[in-house]
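Right, one structure below, let's go through it.
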Protein chains: 2
Amino acid sequence: MDSRKIPKPTIKRLAIFHRCLENLVISGVSSISSKDFADRLGIKASQVRKDLSYFGEFGKRGVGYNTELLLDSISEILGIRKRWNTCIVGMGNLGMALANYPGLSKSGFVAKALFDNNPNKIGMPMPNNLMIESTAKLKEIVKSRNVEIGVITVPASAAQSTADLLTEAGIKGIVNFAPIRLSLPQEIINEEIDISASFRSLAFSMTYGSSKKGRKH
Amino acid sequence: MDSRKIPKPTIKRLAIFHRCLENLVISGVSSISSKDFADRLGIKASQVRKDLSYFGEFGKRGVGYNTELLLDSISEILGIRKRWNTCIVGMGNLGMALANYPGLSKSGFVAKALFDNNPNKIGMPMPNNLMIESTAKLKEIVKSRNVEIGVITVPASAAQSTADLLTEAGIKGIVNFAPIRLSLPQEIINEEIDISASFRSLAFSMTYGSSKKGRKH
DNA sequence: TGCTGTGAACGACTTCACAGCC
DNA sequence: GGCTGTGAAGTCGTTCACAGCA
């Protein structure tokens, strides 16, 4: 383990490895080579081996990887056993969708609070014994429920102030869906998901032709 | 314009430049230097200049960039004036959220059809004179309404078959929200948005410490 | 022999540093 | 002097190629 010099894309891929391995284990595949595994994901075998090599040696030379063992190791690496308390700020369509998305809680991200400042929404009951609460109470609630991750799904104009509020509340990580780059203290980890930007990027590639190589598989 | 060798990250940033410029123009800022602009976005000035240099010369030495002019140029580059017809397949929470998200149509991505195969949803009226239609009619509808982009918001298990269906229907680009890597003919442009993977990536950074430099500003 | 693990080569993207114009 | 535009240098991530073990 080469501690602390792990490429970000490697982490993203590990999350994908994890999902693929789950399927393999369920399908009863007990062993797989880096080549076969890579083909399934549309990447190179060397990439698979290099990604794993940052964290240790998980395979058997001449054989391949034991799927269950590897799944376990990757769960460990990604800290998937840990549960993370999250809160969602901005219960518009996207916030609602996230609050109802089972994939997140399945991955260990548990919503502990949902905030909005629209009085008509406050008090609205939501799944998992939650209800929408006032943003005014955010600081207090985040602290008392040990929320570590804040999800920002407010309009762009309110994103920075929401981020500031979350920071003051002592949050450690932010997932920001608002199409704006946030100014944050450097100790706060920040992940941006800009849906419009992805669409635009797609449109550009469609117009000018992709520079990427085609996926075979 | 160095045609066809433009880094993908450059395109993503251009989309961000665009949004930032809109704000600047609205605020009445008529000129800005690459340094000031970069600071606003938390990137390096040289990055701004390099990104723009792929497409031409938009600034005045010793002065900076005219915001309105630059906004115009970037709109041109990104093909933002063009309208793209999209369809959304899978009207769960996320599909609904996207169908209701004004940011997309504002960026020129207009939903022309919404599909689901749940009989209870079919026929349900939606904004913009749309209603949810049966996936069985996808091919026919996509062709007749000139849909170019397919958005996949079905569960992972149905994502590949949906992609195949869209491909057969003659779609040119896909935005895939399902947590699975799609196998596609190489002429289809593909953009993946994996929300769970982003959360996991965040969690990893929170656990092991970010390798990124802190954002100032 | 087959396949992993990994240093070294390569390629892609970013940053530097400065020439060139305002 | 100030700031852009850009080749050159540097950094980061991917791919190669092969040594080493089952």
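Labels below follow one simple rule: chain letters A, B, ... track the order of the sequence lines, proteins then strands, and each chain is numbered from 1. The basis for the numbers below is simple: all heavy atoms, side chains too, and nothing from hydrogens, waters or symmetry mates. In this text, all values refer to a predicted model and were calculated from it rather than measured experimentally.
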Quick one, B:I152 and B:L182 - any side-chain contact, counting heavy atoms below 4.5 Å? yes
Say whether B:S31 and B:N66, considering side chains only, have a donor N or O and an acceptor N or O under 3.5 Å apart. no
A:V151 side chain reached by A:V89 side chain, heavy atoms, under 4.5 Å: no
When the nearest nucleotide of DNA chain D is assigned to A:K60 and to A:R13 on a heavy-atom basis, which residue is associated with the more 5' position? A:R13
Calculate the interatomic distance between A:K44 atom NZ and C:dG11 atom P; express it in whole Å. 12 Å
Heavy atom of residues 19-38 of chain A under 4.0 Å from DNA chain C: which residues? A:S33, A:S34
Separation of C:dC3 atom P from A:N66 atom CG, nearest Å, is 16 Å
So that I can tick it off, tell me whether A:E148 and A:K82 are bridged by a salt bridge, with the cut-off set at under 4.0 angstrom between side-chain N and carboxylate O. yes
To the nearest angstrom, the OH-P distance between A:Y54 and C:dG7 comes to 11 Å
By nearest-heavy-atom nucleotide on DNA chain C, the more 5' of A:V63 and A:K50 is A:V63
Protein-nucleotide distance (B:L41, atom CG; C:dT14, atom P), rounded to Å: 14 Å
On DNA chain D, nearest-nucleotide positions of A:R49 versus A:P9: which is more 5'? A:P9
Return the value, rounded to whole Å, for the distance between atom CD1 of B:I11 and atom C1' of C:dA12. 14 Å
Do B:S75 and B:R81 have side-chain atoms, one donor and one acceptor, less than 3.5 Å apart? no
Are any of the side-chain nitrogens in A:R181 or A:D194 under 4.0 Å away from the carboxylate oxygens of its partner? no
For a 4.0 angstrom threshold against heavy atoms of chain A, report the outermost contacting nucleotides of DNA chain D in 5' to 3' order. D:dG13 to D:dA22
For the pair A:K12 and B:E192, find out whether any cationic side-chain nitrogen is under 4.0 Å from an anionic carboxylate oxygen. no
Under a 4.0 Å threshold between the charged nitrogen and the carboxylate oxygen, would A:D39 count as salt-bridged to A:K35? yes
Out of C:dT14, C:dA12, C:dG2, minimum distance to the side chain of B:K5 belongs to C:dA12
When the distance from NZ of B:K8 to C1' of C:dC13 is rounded to whole Å, what number comes out? 14 Å
Nearest whole Å is fine: how far is C:dC21 P from B:F58 CZ? 19 Å
Sub-6.0 Å ring centroid separation between A:F199 and B:F109: yes
